[in-house]
Structures are given as structure tokens and as C-alpha cells.
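What follows is one structure encoded as C-alpha cells, with my remarks underneath.
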Amino acid sequence: MPELPEVETIARTLREGKGEVHSILEHTIEHASVLWERSIATPSIPEFLRRIQGQVVQHIGRRGKYIVMTLSEDTLLVHLRMSGDVRVEQDVADVSSVPLKKHDRVVFYFQENERLVFEDARKFGRLWLLADPQVELGKLGPEPLSEELTPAEFATMLRQHKRQLKPLLMDQTFLAGLGNIYTDEALFKAKLHPLMVAQDLNFEQAGALLIAIKETLQEGIRRNGASIDWVYRGGDFQNQFFVYGRKDKPCLVCGTPIERLVVGQRSTHICPQCQVNYQEDIA
DNA sequence: CACGTCACCTGCGTGC
DNA sequence: TGCACGCAGGTGACGT
């Protein structure tokens, strides 16, 4: 599920609390339990369990699609991939006696009688415990919402790549945070076809694309992300989709039926009327 | 460098 | 009802 807005929503909830949930900042991990070993990317399970003990949560943020938890000695990175989620359990007499759920993979028990549970039905999600988080985060491209990422800078980035727009935008080393849904929505907003070659965009189109990306992500965050399928999120951005998942439904701008195509193995949605700047090689 | 394919996993919706 | 199949928010390892 989770793309940048969903991860941001989750990180904020852990950091600031929301509704019933209160922040876990400054709380101390008493110990952890790993129910699915492959959920831990690094270090080894024994080292992970040993090192995490006694660490205090000092900051919680996000970089790309990673939740970044700065602990007293290390940094814990959480990547939810397709079906991961985290939940906080607190406000019960004894959290450790609450039954775990079918898809729970890693559990952190806090001294404050709380649990942070990483759940992940499809088991694609990963956790890293690192002395230096840059080992992992250093691979990422810029943050799309950063004010330092300007239209001029983005145009320069696009000019350096001879790739199709959609796969390029989803490449986390190019730009960190877009996934399948928000990419389709941003391309629609910018009126650009996903198969256009990045290098071929003019300055105006590059600028429009960056603005569309920023606005789409900000709207997603404002709505607390999108909740679709059986993975509950609590957000409602899914009700704002213009193209994603709307195959054969009328374009909300021009009424033309939305088309679904496959790009880089990923389901891709476009309005063939609004996103016309791509020309098939009509030799 | 760019692209295609498969692998990793489970669960849900659809159609026969 | 059972069951096969296609689909799913992501990424990484290959091969061409």
C-alpha cells in the first residue's frame, strides 16, 4: 500500500500520536520478538534482539518510503513494501498478554507497557537496525516535497535520463517516495503520458510535472493517505483518485473512458484524451 | 544504460 | 461451494 503519504501519516502518528494513540517518543524498548525472521534485513536476528534492548526512541521521521526511528544507539528503519503496517498497542492492563494477530511479524515491547507491532501479510516488508542509516538511505534520490527540489533542478534531472517517465518516477534512486498510485495520479495531473521519454520533456512540462507531484503527495498527506483493499489505513485519498483503479470509468475532466495499460509490469491508468503528448512511433 | 522477466508472499474478487 | 486465475500500494536480482 504504502507510498510516501501513507508512510508520512504512519510516522506522524507514531511521533505525535493521533486519536486514541499517543506518541512513543522517549519510550524505552525493553525487548523485541521476531516472528518471521526474513522481516529483519540486518543485522542477524540474535544481534538485532541484543542491540535493540534498552534503546530509547528519540526521533521518528520519514525518508522516501522508509519510517526512520532514531534510537539512542542505532537507527531503526522500517519499509512496509506492499502490505506492511505498524500499530501501537497501549492503554490496557498488560499489553504483553494481548494475543498477537495472524500477520504479526516483529513486536517491540516497551517499558511503558506498550507494544509496537510490525504486521505484514505478504512478508515483503523489511526492518534494518543500523549504526549509520545512510548505508541504506544513501541510495535514495531527493525528497519530492523538499523546497530544495526546484523546477529547474527537476528539469535537469529529467534531461539526464532517456527512460520512460513512469518507471523513472518510480525509481527510488531517482526520486524517493512515489509508487504506482501517486505516479499515475501525478502524471494525469501534469497531463503527461507515462511512456514519454524523460529527456523529451521541455522545461515547462518538467516544471508542471514537479508541481503535480508535489500537489498530489501533499493532498495525499492532507487526507492521511489512501486506504484501499483489505489493508486498513484510515486515510481517504482513495476517494480522490482521478485515474488509478478507474478503468473504463469516465475521466473526471473530459469524460473519456480511463484506460489501463501495463508499464514495467505495473498496472497503469491514463486518460487517453488528457494525456496525449505521447506519440506511438508512427513510422 | 534501459528494459524485460522472475522471485519474493498471501489474500481477495471474479467467473466457471 | 469449490477452484483456478488474475490482481494487489514494492523492490532486487538476473539476463539481453
Side-chain angles (χ1 to χ4, degrees), chain A residues 1-11 35-42 62-67 77-86 101-106 118-128 135-141 144 157-187 194-200 213 216-217 219-221 223-241 243-248 260-269 281:
Chain A
M1 136 245 174
E3 301 180 38
L4 187 154
E6 290 75 31
V7 178
E8 177 66 27
T9 300
I10 292 168
L35 291 75
W36 179 255
E37 300 205 344
R38 299 189 62 179
S39 294
I40 308 297
T42 192
R62 176 196 58 74
R63 175 76 172 94
K65 300 175 194 172
Y66 293 81
I67 299 168
L77 301 180
V78 179
H79 197 303
L80 305 171
R81 294 278 174 90
M82 293 289 266
S83 61
D85 196 4
V86 294
K101 301 183 183 177
K102 184 177 181 185
H103 303 304
D104 292 347
R105 309 300 182 196
V106 182
F118 169 71
E119 51 186 318
D120 185 17
R122 292 176 69 182
K123 302 177 174 174
F124 292 160
R126 292 291 182 268
L127 278 62
W128 293 254
V135 167
E136 187 66 20
L137 303 180
K139 305 166 185 170
L140 297 174
M157 286 167 59
L158 290 171
R159 223 179 295 133
Q160 292 171 247
H161 293 274
K162 205 172 174 177
R163 295 174 62 183
Q164 295 173 335
L165 270 186
K166 175 155 177 176
L168 180 64
L169 293 175
M170 290 183 64
D171 182 339
Q172 304 298 297
T173 68
F174 176 76
L175 187 67
L178 285 179
N180 205 37
I181 294 178
Y182 290 89
T183 300
D184 280 6
E185 293 298 316
L187 285 170
L195 295 181
M196 271 191 86
V197 172
Q199 220 165 42
D200 295 345
I213 289 169
T216 303
L217 292 173
E219 172 76 349
I221 292 171
R223 294 186 171 273
N224 296 313
S227 316
I228 68 176
D229 294 348
W230 42 282
V231 181
Y232 175 70
R233 291 282 164 227
D236 72 339
F237 186 70
Q238 67 278 11
N239 300 318
Q240 308 300 126
F241 293 166
V243 287
Y244 185 82
R246 299 194 63 249
K247 176 176 152 67
D248 296 333
R260 175 185 183 276
L261 49 151
V262 175
V263 181
Q265 329 286 91
R266 306 305 299 276
S267 171
T268 299
H269 307 75
D281 311 19

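Heavy-atom basis, side chains included; hydrogens, waters and symmetry copies ignored. Naming convention: chains lettered A, B, ... in sequence-line order (proteins, then strands); numbering from 1 in each chain.
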(message) Using the P atom as the point on both nucleotides, what is the distance between C:dC7 and B:dC6, in whole Å?
(response) 14 Å
(message) Rounding to an integer number of Å, can you tell me how far A:Lys166 NZ sits from C:dT11 C1'?
(response) 15 Å
(request) Would you check if A:Phe124 stacks with the base of B:dC8, given a 5.5 Å centroid limit and a 30° plane limit, both strict? (result) yes
(message) Nearest to the side chain of A:Arg122, heavy atoms from C-beta on, is which of B:dT10, C:dG10, C:dG9?
(response) B:dT10
(message) It should be established whether A:Arg260 places a side-chain nitrogen or oxygen under 4.0 Å from OP1 or OP2 of nucleotide C:dA8.
(response) yes
(request) For A:Lys65 and C:dG9, give me the distance from atom NZ to atom P, rounded to whole Å. (result) 10 Å
(message) Under 3.5 Å for both donor-acceptor distances, Watson-Crick or wobble: does B:dC1 have a partner, and if so which one?
(response) none
(request) Mind calculating the distance between CD (A:Glu3) and P (C:dT11) to the nearest angstrom? (result) 9 Å
(request) Could you check whether A:Arg38 gets within reach of a base, just the sugar-phosphate, or nothing at all, counting any heavy atom under 4.0 Å? (result) sugar-phosphate
(request) Using atom CG of A:Leu4 as one end and atom P of C:dG10 as the other, report the distance to the nearest whole Å. (result) 11 Å
(request) Could you tell me the separation between the CD atom of A:Gln172 and the P atom of C:dG9, rounded to a whole number of Å? (result) 14 Å
(message) Of the listed nucleotides (C:dG9, C:dG12, B:dT10), which one gets closest to any side-chain atom of A:Lys123?
(response) B:dT10
(message) Between A:Arg266 and C:dG9, is there a contact of a side-chain N or O with OP1 or OP2 at under 4.0 Å?
(response) yes
(message) Looking only at side-chain N and O atoms, does A:Gln172 offer a donor or acceptor that is under 3.5 Å from a partner on A:Tyr66?
(response) no
(request) Figure out the CG/C1' separation between A:Asn180 and C:dC7, and round it to whole Å. (result) 12 Å
(request) Just jot down the side-chain contact (heavy atoms from CB on, under 4.5 Å) partners of A:Lys139, sequence neighbours excluded, or say none. (result) A:Glu136
(message) Let's see if you can work this out: which of C:dC7, B:dG11, C:dT11 has an atom nearest to the side-chain heavy atoms of A:His103?
(response) B:dG11
(message) Rounded to whole Å, how long is the line connecting atom CG of A:Asp120 with atom C1' of B:dT10?
(response) 10 Å
(request) For residues A:Asp104 and A:Glu119, report the shortest heavy-atom separation together with the two atoms involved. (result) OD1-CB, 3.5 Å
(message) For a quick test of reading the model: is some side-chain N or O of A:Ser267 closer than 4.0 Å to OP1 or OP2 of C:dA8?
(response) yes
(request) Consider the side chain of A:Arg81, meaning its heavy atoms from C-beta on, and name the nucleotide among B:dG11, C:dG10, B:dC9 that approaches it most closely. (result) C:dG10
Can you tabulate the close N/O pairs, meaning under 3.5 Å, that link protein atoms to atoms of nucleotides 2-4 of chain B?
from	atom 1	to	atom 2	distance (Å)
B:dA2	OP1	A:Lys162	N	3.1

(request) May I have the distance from A:Ile40 (atom CD1) to B:dC8 (atom P), rounded to whole angstrom? (result) 20 Å
(message) Can you tell me which nucleotide in C:dC7, B:dG11, C:dG9 comes closest to the side chain of A:Tyr244?
(response) C:dG9
(request) Taking atom P in both C:dG10 and B:dC1, compute the distance separating them and give it to the nearest angstrom. (result) 24 Å
(request) Name the nucleic acid region contacted by A:Lys139, choosing base, sugar-phosphate or nothing; use a 4.0 angstrom heavy-atom cut-off, strictly under. (result) nothing
(request) Search all heavy atoms of A:Ala176 against all heavy atoms of A:Leu4 and return the closest pair with its distance. (result) O-CD1, 3.7 Å
(request) Mind checking the CD-CD1 spacing from A:Glu8 to A:Ile221? Nearest 0.5 Å is all I need. (result) 5.0 Å
(message) Please name the nucleotide paired to C:dA4 by Watson-Crick or G-U wobble geometry with both distances under 3.5 Å, or report none.
(response) B:dT14
(request) Search all heavy atoms of A:Gln199 against all heavy atoms of A:Lys162 and return the closest pair with its distance. (result) OE1-CG, 3.5 Å
(message) Please give the distance between the P atoms of C:dG9 and B:dA2 as a whole number of Å.
(response) 24 Å
(request) Search all heavy atoms of A:Phe237 against all heavy atoms of A:Gly220 and return the closest pair with its distance. (result) CD1-CA, 3.7 Å
(message) Looking at every non-hydrogen atom in both residues, tell me the closest pair between A:Met170 and A:Thr183 and how far apart they are.
(response) CG-OG1, 3.4 Å
(request) Applying side-chain contact (heavy atoms from CB on, under 4.5 Å), name anything that partners A:Lys102, two or more places apart in sequence or on another chain. (result) none
